[in-house]
Amino acid sequence: MSSTFRASLLQGKVAFLTGSSSGICLRIAERFAEAGAAVMLHGRNQDKLDAACAGILSTGRTASNVAADVRDYAAMAAAMQKTRDLFGPIDILVCGAAGNFPAPLMGMSANGFKAVVDIDLLGTYNTARAAYEHLRKPGASIISISANHASIPYPMQAHVCAAKAGVERLTQVMALEWGPEGIRANLINPGPIDGTEGMARLAPTPEAREAVVKTVPLRRMGTKDDIADLALFLSSDAASYINGAVMVCDGGQIHLGARTLGM
Ligand code: COA
């Protein structure tokens, strides 16, 4: 996609992205800002948020940030109100905050399991529920960042599999219930994406990385830009009839090597 074409796609739009102080969602936020949107970054760490926001502002784009835990409904409601007050109604909502660590079922405590389910699933609910009254209707687009774990069981990932299965169904119920008001809700399932905290946790050694790459038909890890471009498309008018869809962006891994973390 040429940068000139991209630069006009989201002109005048407002985007709120959870988990966007770093990683995939920060790259999506940067892409949205390049395309003309005002972006509200969200995360838990104020220092990381300030640094990420400064990066976008330094390019002359529009951004602000808010710190809140997605597990705290009141904090998310306040974050949405802040966004509305600053930028106006929200056109694009990205539910991207997630937690993960590899562990077998017997190696995770009840609290460890709950932490991931609460961040991923309850967090997506809290974010969308709190945003609803501030979403532009018609025209808003919601994207939940999920994973192939939603439909495929992976060992060492019971918490994420359970959480992402819920995120997928929850997002599709949004597509059904809110579609008549002109709100679209879709999912992106990234495969192994290079340079993310998730991959650093799941494939921390060169050997583990190589094992992961062998599970991907395209024989490479994905990039944050691969996901950002898909999110840009889904948020644009070019995707105006796509609702309730799971967009898999994994180099074909789901057809070959899913079910293993390369371990
Ligand atoms: N193996 C087993 N249990 C683990 C673990 C690991 N590697 N890492 C954390 N836990 C457990 C903790 O021991 C704790 O359980 P306990 O109270 O019974 O001891 C529980 O998980 C919660 O940990 P805590 O650090 O208090 O929770 P948190 O809310 O601050 O962190 C996590 C949530 C655990 C998901 C943390 O990994 C996180 O914040 N991740 C966000 C970043 C991330 O994972 N990004 C990648 C997304 S793909």
(request) Take R209 and D194 through the salt bridge (charged side-chain N to carboxylate O under 4.0 Å, His left out) test and state the conclusion after the steps. (result) CA-CA 9 Å; R209 285 174 54 85; D194 212 359; 2.7 Å; yes
(request) Please check if the distance between the ring centroids of F16 and H134 is under 6.0 Å. (result)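 That pair fails the under 6.0 Å test.
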(request) Drop me the distance from T127's OG1 to M80's CE, to the nearest 0.5 angstrom. (result)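 Going from OG1 on T127 over to CE on M80, the span is 5.0 Å.
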(request) Using modelled atom types only, decide if a donor and an acceptor are shared between the side chain of S240 and the backbone of S236 within a distance under 3.5 Å. (result)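 It does not hold such a pair.
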(request) Please name the pair of heavy atoms, one in G99 and one in I119, separated by the smallest distance, quoted to 0.1 Å. (result)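 Scanning both residues, the minimum pair turns out to be N-CG2, 3.8 Å.
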(request) With sequence neighbours excluded, tell me which residues meet ring pair (Phe, Tyr, Trp, His ring centres under 6.0 Å) with Y132. (result)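 Applying ring pair (Phe, Tyr, Trp, His ring centres under 6.0 Å) to Y132 gives W178.
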(request) Assess whether atom CG of D237 is packed by more than 12 heavy atoms of other residues, nucleotides or ligands within 6.0 Å. (result) no
(request) Determine, for D118 against R71, whether the closest basic-nitrogen to carboxylate-oxygen distance falls under 4.0 angstrom. (result)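 No, this pair does not count.
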(message) Would you compute the distance between atom CG of L49 and atom CE of M40 and round it to the nearest 0.5 angstrom?
(response) 10.0 Å
(message) Distance alone, cut at 3.5 Å: any donor-acceptor contact between the side chains of N148 and D250?
(response)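 A donor-acceptor contact under 3.5 Å links the two side chains.
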(request) Would you name the heavy atoms of V167 and L121 that are closest together and state the gap between them? (result)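 Residues V167 and L121, closest heavy atoms: N-CD1, 3.6 Å.
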(message) Treating K13 as the side-chain partner and F32 as the backbone partner, does any N or O pair qualify as donor plus acceptor under 3.5 Å?
(response)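 Absent.
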(request) Taking N186 for its side chain and I242 for its backbone only, find out whether a donor-acceptor pair lies under 3.5 Å. (result) yes
(request) Assess whether atom NZ of K137 is packed by more than 12 heavy atoms of other residues, nucleotides or ligands within 6.0 Å. (result)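 More than 12 within 6.0 Å, yes.
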(message) Whether the S146 and E168 side chains hold a donor-acceptor pair (N or O, under 3.5 Å, no angle test) is what I'd like checked.
(response) no
(request) Let me see the working for D72 and R44 under salt bridge (charged side-chain N to carboxylate O under 4.0 Å, His left out), right down to the final yes or no. (result) CA-CA 11 Å; D72 179 346; R44 278 192 285 172; over 6 Å; no
(request) Could you tell me whether E197 and R201 make a salt bridge, using a distance below 4.0 angstrom between a side-chain N and a carboxylate O? (result) yes
(request) Specify the closest pair of heavy atoms between M174 and A185, including all atoms of both residues, with the distance to one decimal. (result) CB-CB, 3.9 Å
(message) Minimum heavy-atom separation for A128 and L93, please, with both atom names.
(response) CA-CD2, 3.8 Å
(message) Can a donor-acceptor pair be found, under 3.5 Å and without considering hydrogens, that links the side chain of K224 to the backbone of T196?
(response) no
(request) Identify whether L135 and L86 are in the same connected component of the hydrophobic contact network (ILVMFWY, side-chain heavy atoms under 4.5 Å). (result)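 Per the 4.5 Å side-chain linkage, L135 and L86 are co-clustered.
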(message) To check you understand the geometry: which heavy-atom pair defines the closest contact between G96 and C25, and what is its length?
(response) CA-SG, 3.6 Å
(message) Donor-acceptor pair, distance only, cut-off 3.5 Å: does the side chain of R184 make one with the backbone of A140?
(response)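 No: the side chain of R184 does not pair with the backbone of A140.
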